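Worth saying up front: this structure is predicted, and the values here are computed from it rather than measured. Below, chain A is the first sequence line, B the second, and so on; all start at residue 1. Both backbone and side-chain heavy atoms feed into the values below; hydrogens, waters and symmetry mates do not.
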Amino acid sequence: MSNRIAAGRLHRDLRPSLFDKTADELIEAVENPYSSGVSAAVGGLSNVETSPFSILAGCRATAATGKVVVLNAAYYTGGGVDGDILESLGRLKAQMSQLRDQTYCIRATQALSRPATVPRPTEIVAAKLRVRRISEIQASFGFPMAVLADVLAISRQALYKWLDASKDITLQESSRKRLAVVERLAKAWRQRCRTPLNSAAYGPLAGGGTVLDLLKGAEIVETVVTAAFEELIRSVSGKPKSLGRKLADAGFTRLPSARSLPSDE
Amino acid sequence: MNAATLGTWRKPPLAYVVAELIISPYYSMANAVPGLQDRLRAVYPRTVEAQEIVIDGGKPSAQPLWQLMSADLKHGIQFGTRAIALHATDYLDSGDFLTRWAEVLDAFAQADLGAFVERAGLRYVDLIVPTEERSPADYLEPRLRGITLEGAVPTGSMSVSTFQLEGATINLRSAAPSPQGIVLPPNFNAMPLEKPRVMLDAEECVKAQKPIGFIDTDCINDVQSVFDAERLLGAFGEMQRLTSRVFKAAASDAAKEEWT
């Protein structure tokens with residue numbers, strides 16, 4: 001229902017914007033003799049749970065004058081009323097007020113009980129920290145997901161779960177240790193080289209195998225892997241520089257093309 | 001130890017680590033224990049019920065205390081009406097320790113206690129077990145070694161320094177040698193966890209009346225806000241960094257060389 005109160009046809013002409021829709025009982029109360037009309041209005045209201053009249057305190061029209069009395073400061077029309085009407089309207093107003101209070105009480109109770117019954121979402125800080133740690137490893141190594149999963153000695157599906165910050169996962173003790181070791185090695189590589197390890201991880205080592213083989217092993221021996229890092233760094237630095245690298249080292253930079261996005265985007 | 005690369009240290013001196021939150025008295029903590037126990041049981045299946053004596057002004061009062069410990073007894077959570085703490089005698093590195101602490105913070109966040117956190121503390125106890133040719137003092141930065149007297153053999157030498165650093169307070173206590181018969185710092189209340197290798201070695205030295213020492217770095221952050229797991233974890237990350245910095249300043253080059 002609208003929160004506007006309406007009267008009969010005559011009164012619609014008086015307040016077309018205000019009285020375009022109505023509750024039948026109130027129209028009757030407006031257009032019929034006082035007491036029966038008020039009773040009808042009250043009777044009708046008692047069945048209304050979410051009444052639009054929570055805004056309007058009540059209404060009465062005098063059939064004789066064709067005026068509508070709206071007991072609401074915002075919509076007061078100033079119509080003349082006698083004592084009986086006022087008494088009836090007083091009862092109506094009191095009943096509506098009671099009804100409104102009850103409605104408010106119900107609504108307030110519902111609203112207040114809602115937070116207690118609906119679980120409050122909680123941040124899983126351990127999951128966020130876990131995701132951050134793996135992201136840092138990935139930034140340093142740059143491995144495809146399947147390879148990173150092998151390095152962490154878990155399945156690819158498990159890695160995706162680890163990377164989901166909404167997943168509250170309890171890591172096995174062996175997984176914690178593996179993650180810590182891989183994290184330290186990622187940090188060790190980052191300290192030595194800014195290029196992700198993936199670009200050099202498949203190169204053969206002097207002793208045979210690759211650094212990736214060492215990282216995928218059942219047991220990662222940190223000193224051995226760190227030594228392999230040193231070997232890779234030496235081999236990378238011994239390679240002739242590419243033309244692009246030489247130009248960059250000489251201070252040349254790329255000119256932004258017409259299609260380039262502005263730098264702040 | 002506090003360095004991020006502890007796992008690669010050949011002879012780590014770290015014996016004990018504690019991360020702790022001091023909360024405003026929370027007398028209904030007992031109601032939250034079943035839920036916390038359920039959330040933490042996967043990692044901390046052992047439970048010990050205890051009591052702590054609180055001496056606060058008038059007569060001492062006993063308050064309940066709960067200790068949840070891992071099956072291997074290397075990690076333990078202790079909480080009561082005034083504090084929540086994670087104790088560890090096995091330390092891979094700061095990333096691993098903070099992840100374990102984050103899991104504890106998550107469990108308390110899910111319990112929705114709404115506790116008011118007064119302070120946060122992070123404490124590392126490193127033990128100095130000297131080799132045959134060295135004394136405990138050799139492991140400390142020279143300015144922490146105290147005075148020497150001609151013909152006198154020191155039986156105890158302790159140094160206490162307090163720093164204000166980036167909004168945190170850091171207490172550095174060092175002993176070289178430790179007072180006789182003492183392994184852990186005098187005001188340190190440890191949980192009954194499994195002792196790491198360095199602590200067993202230190203105990204052997206004490207039994208044999210050989211001198212040992214310790215470096216105790218204790219960082220305190222005045223939180224003064226309602227429990228917020230994410231914010232607290234961020235604070236602990238900063239505290240770890242500061243603690244590491246102070247430890248490195250306290251250890252001598254010889255110590256770093258031997259331990260790493």
> Side chains of A:Arg133 and B:Asp96: closer than 4.5 Å at any heavy-atom pair?
Replying inline: yes
>> When you compare the side chain of A:Asp168 with that of B:Gln110, does any pair of heavy atoms fall below 4.5 Å?
In response: yes
Which heavy atom of [X] sits nearest to which heavy atom of [Y], and what is that distance?
X: A:Thr170; Y: B:Ala42; answer: CG2-CB, 4.3 Å
X: A:Ala126; Y: B:Ala102; answer: CA-CB, 3.5 Å
X: A:Val125; Y: B:Asp106; answer: N-OD1, 2.8 Å

> chain B heavy atoms under 4.5 Å from A:Glu173: which part of the residue, side chain, backbone, both or neither?
Replying inline: side chain
>> Quick check on A:Arg176 against chain B: is it the side chain, the backbone, both or neither that has a heavy atom closer than 4.5 Å?
In response: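 Both the backbone and the side chain of A:Arg176 come within 4.5 Å of chain B.
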>> Given heavy-atom pairs under 4.5 angstrom as the criterion, report whether the side chain, backbone, both or neither of B:Leu232 touches chain A.
In response: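 Neither the backbone nor the side chain of B:Leu232 comes within 4.5 Å of chain A.
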>> Does this structure show an ion pair linking B:Arg10 with A:Glu222, if we count only N-O contacts that are shorter than 4.0 Å?
In response: no
When you look at [atom1] of [X], are more than 12 heavy atoms from neighbouring residues, nucleotides or ligands closer to it than 6.0 Å?
X: B:Lys256; atom1: NZ; result: yes
X: A:Glu230; atom1: CD; result: yes
X: A:Phe252; atom1: CZ; result: no
X: A:Lys161; atom1: NZ; result: no
X: A:Arg190; atom1: CZ; result: yes
X: B:Glu132; atom1: CD; result: no
X: B:Arg41; atom1: CZ; result: yes
X: B:Asn189; atom1: CG; result: no

> In Å and rounded to the nearest 0.5 Å, what is the CG to CD distance from A:Leu129 to B:Glu103?
Replying inline: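 Separation between the atoms: 9.0 Å.
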> Going from OG1 on B:Thr99 to CZ on A:Arg130, what distance comes out if it is rounded to the nearest 0.5 angstrom?
Replying inline: 9.0 Å
